[in-house]
*Asks:* 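Below is a structure I'd like to ask you about.
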Amino acid sequence: MKLTDFSQQEPATPEGAFQKAAAQVEAGEDPLSVSDFLNSFNKAFKRFPFTILGEVSEVNAKPGYRAVYFTLKDASASLSCLMWNERYQRIGIPLAVGMLVEVKGRVSVYASKGRMNFDVESYSLAGEGNLRLQVDQLARKLQADGLMAPEKKRPLPTYPSTIGVVTSPRGAAVHDVLRTLRRRFPLAKVLVAGVPVEGPQAPEWLVYGLQMAAYNSAEVIIFGRGGGSFEDLMPFNDERVARAVATCPVPVVTGIGHEPDTTISDMVADLRASTPTAAAEAVAPSKEALGLNLSALGNRMTAAMERSLALHRTKLQRFALMPLFQEPGRLFDNEALTLDNLSDRLARALPAALGRDRQATEALQDRLVRCAALFSAPQKATLERTRVQLAALGTNLTRRFKAEAALNAARLEDLSPLSVLARGFSVARTQEGAVVSSVTQVSSGQALSILVTDGTIESTVAAIRPKTSAQEGAVK
Amino acid sequence: MTEQKPMEELSFREAMTQLEGIVSLLESNTLELEDSLKNYERGVALLASLQKRLTAADQQVQVLVGELSSLGSDAEQDTTLS
């Protein structure tokens, strides 16, 4: 038995391989075992990729299976297909009955059942379904990237001073937008980036238009076009455009096509309006509404001012009516009361205190008197006793002195010159009064007074005879 | 009052913001009477300026990219559309 290995023969086409296999069978060589045949078959046909277009008719994608099994059919034929799970998941578009798909893969036979399967490596959707699905896929991708997150949506500037418009320079849309802006908010400057919105170059132009508008300091950008077919709107579904919208430094408002049309640019925009005109209306505040708004602000301001004035006036009046300003004297009411009260208390306190003091003094006086009497009685007695004693003693004292005095008087009597004179003696005195007791005191002719008991004899010294020692004595 | 930029230099939005600020300030009734009056005066001037700008404005259109097809007047446009 000769085993033919087709894989080593490098046939150019599947047709060639079939022919070779057929030729081998016809040549009547040794038959192959079933296993050998199928192995050879699989080896051979693994080399030839096919692309098949068909409608999905049955899908069997149970969890736990390692592959998804489905059937592809057309009007008169059907083909069993399988797709390994990891490949299926990589595609990201779940297969559904009725889908028109293009599958790429190779033929293989499941040897144990002898059943032919088309081993699908990849598939894509065919026709417009394909286009819409691509859009859906991109939408999902961008959503996963967070480009559509609600928190990413920026608020529009209330009163934009510069508005960018990125749309086709031809057609009604741009004029609708410009007219709306002029009517509603002529204050804003409008920057128009007129770019092609259809055709293969459109996405690049749209991105450029957005960049230009943002670069020229538009504060908000109107981005859109008039109505068209799904294919016409495709540039707004372009990933580059969608990312340019999402990353635009200023808010973007889309108005693409008509109401039901929704593109990816709409989804990632900060605000989606149904038409270009609606986008312009969303961006520009209306002049009339603004005018009303301003009037309302003016009214509120005036009302607030009037309220404030009225309030101040009332406050002032209230102050003016305060008793303080009406009767300034009231200011000291409290003090006056206190003063009155104190003076009253003082008036009552003073006499009372005086009375009390007087009583006390009187009481003290009484007590003093009583005390004095008490003290003087024994002293008086002592005094009296002492006086009597003293009187008695006094008498005794003089008695002794009296006796002595009498004695002395008698002796004095005895010693008196008068008594001597009485006994016959005399005293001679000079004119000067000096007692002459010696002859030397006198001279002859000198006058002398001689005192005798019953008078004086005026005499003159006749002679002087000093006495001899034996006869010393008086002059007579 | 925080800013005292000359009124002509204020953008519409700035002037509007200032006016709204003044109105709320006055409505809050927290100001001295003198300041109230000063603010009121400024508010009235802002209001007049804004109203004047709104009525007198003539939209300025600048074409950055491409060429606009001829513009009819608003009336013309409106008749062609309707």
Side-chain angles (χ1 to χ4, degrees), chain A residues 157-172 174-176 178-179 181-196 205 208-209 212-213 215-216 218-219 285 287-288 290-291 293-309 311-312, chain B residues 10-44 46-78 80-81:
Chain A
T158 329
Y159 308 110
S161 51
T162 311
I163 299 171
V165 179
V166 179
T167 186
S168 166
R170 271 169 280 283
V174 67
H175 294 300
D176 287 350
L178 290 177
R179 195 176 56 255
L181 291 180
R182 187 161 54 243
R183 181 166 48 77
R184 287 175 69 91
F185 196 57
L187 276 163
K189 183 180 172 187
V190 179
L191 304 174
V192 179
V195 295
W205 277 109
Y208 177 65
M212 282 302 283
Y215 178 75
N216 284 279
E219 290 167 20
K287 197 160 94 175
E288 286 71 31
L290 258 178
N293 195 2
L294 277 178
S295 306
L297 274 177
N299 290 340
R300 275 171 60 194
M301 185 167 66
T302 308
M305 193 64 231
E306 274 166 3
R307 258 201 314 282
S308 164
L309 280 173
L311 202 78
H312 280 97
Chain B
L10 291 175
S11 73
F12 189 83
R13 180 170 44 215
E14 284 172 329
M16 196 74 179
T17 310
Q18 236 183 60
L19 177 61
E20 282 166 345
I22 286 173
V23 171
S24 344
L25 199 60
L26 285 175
E27 284 182 336
S28 75
N29 199 17
T30 51
L31 291 178
E32 296 290 329
L33 189 59
E34 290 80 0
D35 292 336
S36 287
L37 285 168
K38 253 185 255 166
N39 275 287
Y40 180 70
E41 206 177 313
R42 174 87 176 166
V44 169
L46 282 169
L47 188 66
S49 161
L50 285 168
Q51 276 167 337
K52 199 175 121 203
R53 283 194 224 187
L54 205 57
T55 47
D58 194 13
Q59 192 136 61
Q60 195 192 343
V61 177
Q62 186 189 341
V63 177
L64 299 174
V65 187
E67 210 172 299
L68 274 183
S69 58
S70 71
L71 279 163
S73 70
D74 277 5
E76 236 176 281
Q77 288 280 330
D78 285 341
T80 51
L81 278 175

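Below, read A as the first sequence line, B as the second, and so on, with proteins coming before strands; counting in each chain starts at 1. It should be emphasised that the depicted structure is a prediction, and the values quoted were computed from it without experimental measurement.
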*Asks:* Residues two or more places apart in sequence or in another chain: which of them pass side chain to side chain contact (heavy atoms under 4.5 Å, CB included) with Glu27(B)?
*Replies:* Arg300(A), Ala304(A), Arg307(A), Val23(B)
*Asks:* Please name the pair of heavy atoms, one in Met301(A) and one in Tyr40(B), separated by the smallest distance, quoted to 0.1 Å.
*Replies:* CG-CD1, 3.7 Å
*Asks:* Which value, rounded to the nearest 0.5 Å, describes the distance between Leu297(A) atom CG and Leu50(B) atom CG?
*Replies:*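 Reported value, rounded in 0.5 Å steps: 9.0 Å.
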*Asks:* Nearest 0.5 angstrom please: Met212(A) CE to Leu64(B) CG, how far?
*Replies:* 5.5 Å
*Asks:* Quick one: of Ser36(B), Ala56(B), Ser24(B), Ser28(B), who has the most non-hydrogen atom pairs under 4.5 Å with chain A?
*Replies:*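 If we count pairs closer than 4.5 Å to chain A, Ser36(B) comes out on top.
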*Asks:* Looking at Thr162(A), Leu309(A), Leu290(A), Val166(A), which makes the most heavy-atom pairs under 4.5 Å with chain B?
*Replies:*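 Option with the greatest count: Leu290(A).
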*Asks:* Quick one: do Met16(B) and Asn293(A) satisfy side-chain contact (heavy atoms from CB on, under 4.5 Å)? Show the steps, please.
*Replies:* CA-CA 10 Å; Met16(B) 196 74 179; Asn293(A) 195 2; 3.8 Å; yes
*Asks:* Evaluate Leu191(A) against Val61(B) for side-chain contact (heavy atoms from CB on, under 4.5 Å), listing each step before the verdict.
*Replies:* CA-CA 6 Å; Leu191(A) 304 174; Val61(B) 177; over 6 Å; no
*Asks:* Does Leu37(B) reach the side chain of Met305(A), with side-chain heavy atoms less than 4.5 Å apart?
*Replies:* yes
*Asks:* Considering only heavy atoms, which portion of Tyr215(A) lies under 4.5 Å from any heavy atom of chain B: side chain, backbone, both, or neither?
*Replies:*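 Neither the backbone nor the side chain of Tyr215(A) comes within 4.5 Å of chain B.
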*Asks:* Verify side-chain contact (heavy atoms from CB on, under 4.5 Å) between Leu187(A) and Gln59(B), making sure each step is shown before the conclusion.
*Replies:* CA-CA 6 Å; Leu187(A) 276 163; Gln59(B) 192 136 61; over 6 Å; no
*Asks:* Do Val65(B) and Trp205(A) have side chains that approach each other closer than 4.5 Å (heavy atoms only, starting at C-beta)?
*Replies:* yes
*Asks:* Working to the nearest 0.5 Å, report the span between CD of Gln60(B) and NZ of Lys189(A).
*Replies:* 5.0 Å
*Asks:* Quick one: do Ser308(A) and Leu31(B) satisfy side-chain contact (heavy atoms from CB on, under 4.5 Å)? Show the steps, please.
*Replies:* CA-CA 9 Å; Ser308(A) 164; Leu31(B) 291 178; over 6 Å; no
*Asks:* Chain A heavy atoms under 4.5 Å from Ser11(B): which part of the residue, side chain, backbone, both or neither?
*Replies:*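 Answer is neither: Ser11(B) stays 4.5 Å or more from chain A.
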*Asks:* So which residue, Arg53(B), Gln51(B), Gln62(B), ends up with the most heavy-atom pairs under 4.5 Å with chain A?
*Replies:*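 That would be Gln62(B).
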*Asks:* Does any heavy atom of chain B fall under 4.5 Å from the side chain of Pro196(A), the backbone, both, or neither of them?
*Replies:* neither
*Asks:* Can you tell which part of Leu46(B) gets under 4.5 Å to a heavy atom of chain A, answering side chain, backbone, both or neither?
*Replies:*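 Neither part.
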*Asks:* Locate the shortest heavy-atom distance separating Leu294(A) from Leu47(B); write the atom from each residue and the value.
*Replies:* O-CD1, 3.2 Å
*Asks:* Tell me whether Glu219(A) is salt-bridged to Arg13(B), with the criterion being a basic N under 4.0 Å from an acidic carboxylate O.
*Replies:*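 Looking at Glu219(A) and Arg13(B), the cut-off is met.
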*Asks:* Heavy-atom distance under 4.5 Å between the side chains of Leu54(B) and Lys287(A), does that happen here?
*Replies:*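 The answer is yes; the side chains approach within 4.5 Å.
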*Asks:* Taking side chain as everything from C-beta outward and backbone as N, CA, C, O, which of these in Ser168(A) sits under 4.5 Å from a heavy atom of chain B? Side chain, backbone, both or neither.
*Replies:*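 Neither; nothing under 4.5 Å.
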*Asks:* Would you mind checking which part of Leu181(A) comes under 4.5 Å of any heavy atom in chain B, side chain (CB onward), backbone (N, CA, C, O), both or neither?
*Replies:* both
